[in-house]
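These numbers were taken from a predicted model, which means no experiment stands behind them.
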Amino acid sequence: MPSPIDITPRIPHSTAENILSLLNGLTLSDGLDVLMEMQRLLLAKHLESRDDSSQIVITFNYLPRRKGRLTKAEKDSEVLQFIFSLPPHLTYQQKADRCFEAFGKERAPSRNSIWRLFRRLEGERSRTEIGVK
């Protein structure tokens with residue numbers, strides 16, 4: 001019989017609570033942005049100290065999840081980051097065109113896929129603002 005998986009946190013709970021208290025007052029999106037930037041900095045610091053030139057690829061998807069299939073953009077963190085870096089005044093079609101130019105047909109999400117992504121995020125934001133889980 002396989003042994004149970006240990007889900008004990010690797011850092012003390014109080015440390016996580018201290019970090020959370022520093023993020024208090026930020027929106028969910030801004031708080032996750034701060035945590036992802038911290039993650040990037042920690043990873044960069046770790047990679048600088050490595051002697052070998054091996055490559056580490058880590059992909060995280062921090063979007064709130066509800067039932068349903070992931071969009072093509074949600075499955076690819078590089079594409080997702082690219083979409084969020086685009087100016088907000090662009091239409092969904094313009095965002096899809098820019099993705100196509102940057103990533104090609106195989107990785108670029110469609111206009112509808114980008115629309116579904118923003119629709120999901122808007123729904124999560126409105127549920128968070130009124131306190132619904």
Side-chain angles (χ1 to χ4, degrees):
M1 201 164 145
S3 62
I5 298 173
D6 181 19
I7 58 170
T8 306
R10 292 184 289 173
I11 62 170
H13 185 72
S14 60
T15 303
E17 285 181 343
N18 289 340
I19 292 171
L20 184 61
S21 70
L22 294 172
L23 299 176
N24 193 19
L26 296 178
T27 65
L28 175 63
S29 177
D30 290 342
L32 291 175
D33 286 344
V34 169
L35 292 174
M36 286 191 302
E37 181 63 16
M38 288 172 55
Q39 171 190 311
R40 188 191 65 75
L41 292 171
L42 285 169
L43 183 59
K45 183 179 176 182
H46 170 73
L47 292 177
E48 287 174 2
S49 66
R50 292 176 59 97
D51 293 333
D52 62 0
S53 61
S54 63
Q55 187 177 24
I56 296 176
V57 177
I58 299 175
T59 304
F60 293 97
N61 186 344
Y62 289 107
L63 289 175
R65 285 295 298 136
R66 296 199 57 83
K67 290 181 182 178
R69 203 173 67 161
L70 291 174
T71 64
K72 189 184 270 191
E74 290 173 300
K75 293 177 186 175
D76 190 333
S77 62
E78 189 179 355
V79 172
L80 192 62
Q81 188 175 14
F82 179 79
I83 290 171
F84 291 141
S85 72
L86 293 173
H89 67 275
L90 294 178
T91 65
Y92 297 124
Q93 184 61 55
Q94 290 170 326
K95 290 178 184 185
D97 292 342
R98 297 250 181 117
C99 287
F100 182 80
E101 292 168 7
F103 299 105
K105 182 180 179 181
E106 291 299 316
R107 290 179 63 195
S110 67
R111 175 187 57 83
N112 283 337
S113 181
I114 294 172
W115 176 80
R116 285 191 306 270
L117 168 69
F118 281 95
R119 182 174 167 214
R120 180 186 315 234
L121 290 175
E122 184 61 36
E124 290 299 328
R125 184 173 16 156
S126 65
R127 279 189 287 279
T128 302
E129 288 172 357
I130 61 172
V132 176
K133 292 185 179 181

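- Interatomic distance, Leu23 CG to Leu32 CG, rounded to the nearest 0.5 Å: 9.0 Å.
- Rounding to the nearest 0.5 Å gives a distance of 8.0 Å between CD1 of Ile114 and CG of Leu86.
- Counting non-hydrogen atoms of other residues, nucleotides and ligands closer than 6.0 Å to CD of Gln81 gives a total of 12 or fewer.
- With hydrophobic clusters built from ILVMFWY side chains whose heavy atoms lie under 4.5 angstrom apart, Leu20 does not share a cluster with Val34.
- Among residue pairs with one or both ends in residues 97-115, those qualifying as salt bridge (Lys or Arg N to Asp or Glu O under 4.0 Å) are Asp76-Arg107, Glu78-Arg107; sequence neighbours excluded.
- Put simply, Phe103 and Phe100 are part of two different groups of oily side chains (I, L, V, M, F, W, Y) that touch within less than 4.5 Å, one to the next.
- Between the CG atom in Leu117 and the CG atom in Leu80 there is a gap of 6.0 Å [rounded to 0.5 Å].
- A perpendicular orientation is assigned to the rings of Phe118 and Phe84, their planes being inclined by more than 60° (bins at 30° and 60°).
- With rounding to the nearest 0.5 angstrom, the CD1 atom of Ile19 is 6.5 Å from the OG1 atom of Thr15.
- The closest side-chain heavy-atom distance from Leu41 to Met38 is not below 4.5 Å.
- Nearest heavy-atom pair across Cys99 and Val79 is SG-CG1, 4.5 Å.
- With hydrophobic clusters built from ILVMFWY side chains whose heavy atoms lie under 4.5 angstrom apart, Leu28 does not share a cluster with Leu22.
- Taking CD of Gln93 as the reference point, atom OG of Ser110 lies at 9.0 Å (rounded to 0.5 Å).
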